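Read through the structure below, which is laid out as C-alpha cells, and then see the notes.
Quick caveat, the model's predicted, so the values are computed rather than measured. Heavy atoms only: backbone and side chains are in, while hydrogens, waters and symmetry mates are out. Start at 1 and go down the list; that is how both ligands and their atoms are numbered.
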Amino acid sequence: MPELPEVETVARGLRQTILGRRILSVTLGKTDFIDDPAALERHLPGRQIEAVERYGKFMLLRLSAAHSETRAAANGDAAPASLLVHLGMTGQIAPNPPGQPLEKHTHVCMLLDDGRELRYVDARRFGRIAYLTKALLAEELTGFGADPLEVSKEEFAQRICGRRARIKALLLDQTVLRGVGNIYADESLWRAKIHPARLGAGLSRKEAGTLRRVLQDILRKAIVLRGSSISDFLDAEGEPGEYQRHHRAYGREGNNCYRCKTPIRRAIVAGRSSYFCPKCQPSPRRFTMLPLPRGLKIMKEKDNAEARRMLRRGRSKRRSAAK
Ligand SMILES: [Zn+2]
C-alpha cells in the first residue's frame, strides 16, 4: 500500500500537471469504492483544481466554488469542496492526453478544460474516492495523528513513550502518526536499532528521539527517490519509485544485515510481517520470531543488479509505449 513517500510523490506530480485545470465532466465505471458516486457527477463539473495536498496516506484535491452557470450552483451546493483520493493497494491517478485508449480497470475519468482526462485506475479497488463538502472534510480529518515530517521531538515522545502498545503498532496507528505503513516502520526501526515488538512505554527518551530523526531521514530520502515500488506502485507520470533499492530490513528475510551480517528475520507484530535484525534490534523477553523458511531464496547482489536492470527495461518499454 502506498505510504507517505509514495503518496507525496503522486501529489507532487499532480501539482505539476493539473493545478488550475477545470473539470468539465465526469464518467464513472465501477463505483463500489466511491462514497457517493452521484455527488461526483453532480458537483465536480465546473470546478477548478486549486491545490493538491497530501494528508497522511491520502490526497486532497482542493476544488474551487462551482462555476456560476452549472447546476451545482443552482441547487445551492456551490461552496469550495475537496475530492479525497486514497490509492488503496493498486490505485493510480494521472492525467492522460486526449484520445488515449482507456486502460483496463479505469473507474473514474474527469475531462479537464485542456482536453486531457484525469483518470483513476485501480485493479483491486481497495482505494477510496469521496467528494467532501467543508463539513464532511472536517469530520473526515478528525482523529488523525501528527504528520511524521512535521511532528516535534516533544510531541513524538509524548505520542510514543506513554503507550503500552508495541512500537510497530504505534508507528502503524494513523491516530498516532499519519502516513507511516509497514515498509517505513520496519526501515526506521532497523535504523534506530529498536525491536518492533518493544512497548512504546519501554523506549527511553533518547531512543524515541533517534527513532523520530531516522524516520524523518528515511521518509525524506524516499520522497527524493519517488517512493518504493514493491508491487505496482507508479507515480503520476507512470514511473516506478526507486527507494526499494535502499531497503535495509523490509522484505529481506534471510539476507544479511547491512550492519552486522546476521540474517534478517521475520515475525508477526501488530498483525503484520515485520522484518528486523535479531542482533542489532534486541527482542523483548519471551518474544519468538518465525523460523527461517526452508529453501528460502536469498537474493544476492547479482539478483539485485538484475532487479535494477528489469526496472530500467520496464521503464523504457513504458516510455516507448507512451510515444
Ligand atoms: Zn544487524
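Looking at residues two or more places apart in sequence or on another chain, you find no salt bridge (charged side-chain N to carboxylate O under 4.0 Å, His left out) involving E103.
Between the side chains of Y184 and E6, a donor-acceptor pair is found at a separation under 3.5 Å. Looking at T9 and R226, their side chains never bring a donor and an acceptor atom within 3.5 Å of each other.
Ion pair R191/E187 not flagged as a salt bridge, since none of the NZ, NE, NH1 or NH2 atoms sits closer than 4.0 Å to an Asp/Glu carboxylate oxygen. Between R54 and E8, at least one side-chain N (NZ, or NE/NH1/NH2) sits under 4.0 Å from a carboxylate O, which counts as a salt bridge.
Note: Y243 and H246 have parallel aromatic rings, judged against thresholds of 30 and 60 degrees for the angle between ring planes.
For the Zn ion (ligand 1), the neighbouring protein N/O/S atoms at less than 2.8 Å, given as residue and atom, are C257 SG, C260 SG, C277 SG, C280 SG.
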